[in-house]
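Numbered from 1 within each chain, the chains take letters A, B, ... in sequence-line order.
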Amino acid sequence: MAQDSAGDDDYVDWNTDDDFEIDNFQSSPVHSRAETLVGVAVTTSSLSSPIETTDLVQMGFSDEIFATLFDMGFPVEMIARAIKEAGPNADTSVIIDTISKYSSENEAGSSKSKTIDHFLAMGFDEEKVINAIHEHGEENMDQIANTLLSCAEPKKLTEVKEEDDIDWSDDEINYSETLLSDDEKEPNSSNLNRNQIRSLVKMGFSELEASLAVERCGENVDIAELTDFLCAAQMAREFTEFHTEPEEQRPRHDVKKRRLESKREPSSSVDDEPVRLPNPMIGFGLPNEPREETRILPELARGPPFFYYENVALAPKGVWETISRHLYEIPPEFVDSKYFCAAARKRGYIHNLPISNRFQLQPPPKYTINEAFPLTKKWWPDWDKRTKLNCILTVTGSAQLTNRIRSALEPYSGEPEPPKNVQRFVIDQCRRWNLVWVGKNKAAPLEPDEMENLLGFPRNHTRGGGMSRTERYKSLGNSFQVDTVAYHLSVLKPIFPDGINVLSLFTGIGGGEVALHRLQIRMKLVVSVEISKVNRNILKDFWEQTNQTGVLIEFSDVQTLTNDTIEDLMKKYGGFDLVIGGSPCNNLAGGNRVSRVGLGGDQSSLFFEYCRILEVVRGRMRRY
DNA sequence: CCAAGCATGAAGGAGCCA
DNA sequence: TGGCTCCTTCATGCTTGG
């Protein structure tokens, strides 16, 4: 009866359009990577030069305040100029005001002068900068940088060369080739460098930036540290552009100061306070007992667009610190879904959503195993004290395991309860494999539809679409817990009464979409990116079965979703209100014995694609 | 060829106690 | 505070069976 709103007009599978998916990383993204390069270059050239700091200290200016301002991303020259104008005894906030005056002067002037300033800050000759800008156009900062690097011998860069043993003076120099030529000197480290550079380029950084980052961070650093370096520089630059009231900057400020201090202490490998998991793991409070908590987000992090990122809470040490640094220093909200349903699911969420006036999905799910699966009550032995299930994983116990448990218990059927050692064996297996009692002495793994129930999905959500039972388990094990996510997203409902445009990365089986649907928040547009074809089918089926009136567009690979494509989509549909997604946890999850290598792993490094795409969306939304 | 079974530990937090 | 035990963990890759 309802109109077939999910017909051809409303569903676009752009994966069939090969031309649209051609990887375009090498081209210059709109939110120019070269701007990041500038930030990096300022950092490198300035830190390697002792001139500025000593001059400033001689002026009676606190080295610490200088470091603070510098780490906020202000160019050294600008800081020095502001200090001269404001005087050596001036307060930090006065200096910031003075600098911001320069910034606004620059913005009031042509953007070309801003571009010139960037490259002047890198130590290039003004005349050459102007010529290069004239040659390539001010927007092609990568090319400008290449041209500048390939000609002459800029003063400060020569200093870098002396310190870092980089030969900048070769004619027609290509930075990557310079690194290649290092092969003869140190083949192993250079191969490592090249691999790292390739990885960074794959993530969307320019080769030049990548090379610079590898050089600056030294050898034997992992990919996460390199991307951290690059993103920190970008954030510092953006902070300069969008800085706000000094009072609001303070928390972020302190973190960055710590980072700078740790840079001065090379022996320290951990540069943030370690993230501690809260106990109880309830985030900003639960539906029935919300905490009176408020939080102040950095101005840079505030929406719209809103974003919502998720991953496993129990990641290797340092991972959440890195993730948080890449997402505007917002601390993760750790929540165990055992407070929302009958199964545990310890996850960290980083988002810029409001946290007051959240509300719970109705009807609320069952909180205990017995309530969720009443038929198991009859068979549940007294000595199995579990009331909550453990985390739903991607693999389950086998039918053989059920048989082994039955064999272990049957000899004691006539007795009140089996011996303690048998109990122990059975309980261990039940906990390990999340078994429930479905018959006499019969403990079996959850069925896929039972998992769907626990996770807040409609029954048979993952059924069909060409999915095998094994694949259903895998997709469900990788999914959101819908009630938990919906509780967080519920604040969007009053903000967007007419509906929202959603960019959904690593969509999986559509946990975010189901949450929004159950919240009755209209999805005017969902651009979904999901690598698994069967998962894409599931979302498409859900879209059709729930008679969505919005538009669904599906992509397969975040790595081939170019910045230009995102911009085009935003132009066509009026931007995105929410960027939601949980990046792969394969290399973070405790169950992985083969490749639990952290954010640098093959799958988990896609987190940086989330950051890239989020930045594109945020950059574009600022211009609306 | 596909689906299911199964062996493969370590990381790191929680709780306890001296 | 440190040492100890206990517990949990969005998994991978090989083998087996149909």
Side-chain angles (χ1 to χ4, degrees), chain A residues 270 274-281 309-321 323 332 334-338 340-341 343-349 385-386 388-405 424-425 427-435 444-448 451-452 454-457 462 466-482 484-485 505-512 530-535 581-599 601-604 606-607 610:
Chain A
V270 180
V275 169
R276 283 189 61 82
L277 297 177
N279 185 17
M281 196 181 279
Y309 174 81
E310 179 258 15
N311 215 318
V312 290
L314 281 71
K317 275 184 176 174
V319 166
W320 274 108
E321 286 83 348
I323 292 174
F334 290 107
V335 183
D336 188 340
S337 292
K338 76 178 181 183
F340 287 83
C341 67
R345 202 165 189 81
K346 300 179 185 67
R347 296 293 179 268
Y349 306 86
K385 305 295 185 189
R386 291 176 299 154
K388 298 276 187 182
L389 291 165
N390 281 335
C391 184
I392 290 173
L393 305 177
T394 56
V395 287
T396 65
S398 60
Q400 278 74 3
L401 177 61
T402 298
N403 266 339
R404 284 197 292 272
I405 289 173
R424 178 66 188 225
F425 162 75
I427 290 292
D428 280 352
Q429 295 298 313
C430 286
R431 289 180 182 276
R432 169 68 185 84
W433 294 105
N434 245 353
L435 309 180
L446 293 168
E447 290 294 311
M451 290 187 178
E452 288 167 350
L454 283 170
L455 291 170
F457 289 92
T462 57
M467 253 193 167
S468 70
R469 184 184 170 86
T470 306
E471 283 174 316
R472 285 182 78 182
Y473 281 131
K474 184 173 182 182
S475 291
L476 286 161
N478 281 312
S479 170
F480 285 165
Q481 205 287 323
V482 170
T484 310
V485 171
L505 305 177
F506 314 103
T507 304
I509 56 175
E530 167 56 38
I531 196 76
S532 158
K533 183 170 176 57
V534 285
N535 283 349
S583 64
C585 67
N586 309 37
N587 308 117
L588 312 179
N592 186 350
R593 309 180 185 192
V594 180
S595 53
R596 193 188 189 191
V597 294
L599 274 181
D602 288 344
Q603 289 82 35
S604 293
L606 292 175
F607 160 70
Y610 180 95

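Closest to the R276(A) side chain, of the nucleotides dG5(B), dA14(B), dT9(C), is dA14(B). Of the candidates dA11(C), dG5(B), dG12(B), dA11(C) carries the atom nearest the L393(A) side chain, counting heavy atoms from C-beta on. Comparing dT12(C), dA3(B), dG5(B) against the side chain of V594(A) picks out dT12(C) as the nearest. Ranking dT12(C), dG13(B), dT9(C) by closeness to the S595(A) side chain, first place goes to dT12(C).
Summarising the geometry, the separation between CG on D336(A) and P on dC7(C) is reported as 17 Å, rounded to the nearest angstrom. Taking atom CZ of residue F607(A) and atom C1' of nucleotide dC10(C), one finds them 17 Å apart after rounding to whole Å. Between R432(A) atom CZ and dA7(B) atom C1' there is a gap of 11 Å when expressed in whole angstrom units. Following rounding to the nearest Å, N311(A) (CG) and dA11(C) (C1') show an atom-to-atom distance of 14 Å. Rounded to whole Å, atom C1' of dA3(B) lies 9 Å from atom CD of E471(A).
Aromatic rings from Y349(A) and F334(A) are positioned such that their centres are separated by 6.0 Å or more.
Side-chain N/O atoms of R593(A) include none lying less than 4.0 angstrom from OP1 or OP2 on dC14(C). Here N390(A) reaches the OP1 or OP2 of dT9(C): one of its side-chain N or O atoms lies under 4.0 Å away. One finds no side-chain N or O of N592(A) lying less than 4.0 angstrom from the OP1 or OP2 phosphate oxygen of dT9(C). One finds no side-chain N or O of R596(A) lying less than 4.0 angstrom from the OP1 or OP2 phosphate oxygen of dA11(B). Considering only side-chain N and O atoms, S398(A) lies under 4.0 angstrom from the phosphate OP1 or OP2 of dC6(B).
Counting non-hydrogen atoms under 4.0 angstrom, S583(A) reaches a base of the nucleic acid. R424(A) comes within contact range of the sugar-phosphate backbone alone, with a heavy-atom separation under 4.0 Å but no base atom that close. Among the protein residues, K346(A) comes within range of the sugar-phosphate backbone only, with heavy atoms under 4.0 Å from sugar or phosphate atoms but none that close to a base. Among the heavy atoms of the strands, none lies under 4.0 Å from R472(A). Residue R345(A) is classed as a base contact, given a heavy-atom separation below 4.0 Å to a base. Across all strands shown, R347(A) has heavy atoms under 4.0 Å from base atoms, whether or not it also approaches the sugar-phosphate. Counting non-hydrogen atoms under 4.0 angstrom, C585(A) reaches a base of the nucleic acid. Backbone-only engagement by L277(A) is indicated by non-hydrogen atom pairs under 4.0 Å involving sugar-phosphate atoms exclusively.
For the pair L401(A)/L435(A), a side-chain contact is recorded, criterion being any heavy-atom separation below 4.5 Å from C-beta on.
Proximity of a side-chain donor or acceptor of Q481(A) to a complementary backbone N or O of K338(A) within less than 3.5 Å is not detected. In this structure a side-chain-to-backbone donor-acceptor pair under 3.5 Å is present from S604(A) to P584(A).
The base of dC10(C) is paired with the side chain of E310(A) by a donor and an acceptor separated by under 3.5 Å.
Judged by Watson-Crick or G-U wobble contacts below 3.5 Å, the nucleotide dC6(C) has dG13(B) as its partner.
Comparing the C1' positions of dG9(B) and dC7(C) gives a spacing of 14 Å, expressed to the nearest Å.
Mapping G591(A) and N279(A) onto DNA chain B by nearest heavy atom places G591(A) closer to the 5' end of the strand.
Defined by atom type and a distance below 3.5 Å, a donor-acceptor pair is present between the side-chain atoms of N592(A) and S595(A).
Residue N535(A) is tested with K474(A), E530(A), E471(A) for a side-chain hydrogen bond (donor to acceptor under 3.5 Å, both in side chains); the sole match is E530(A).
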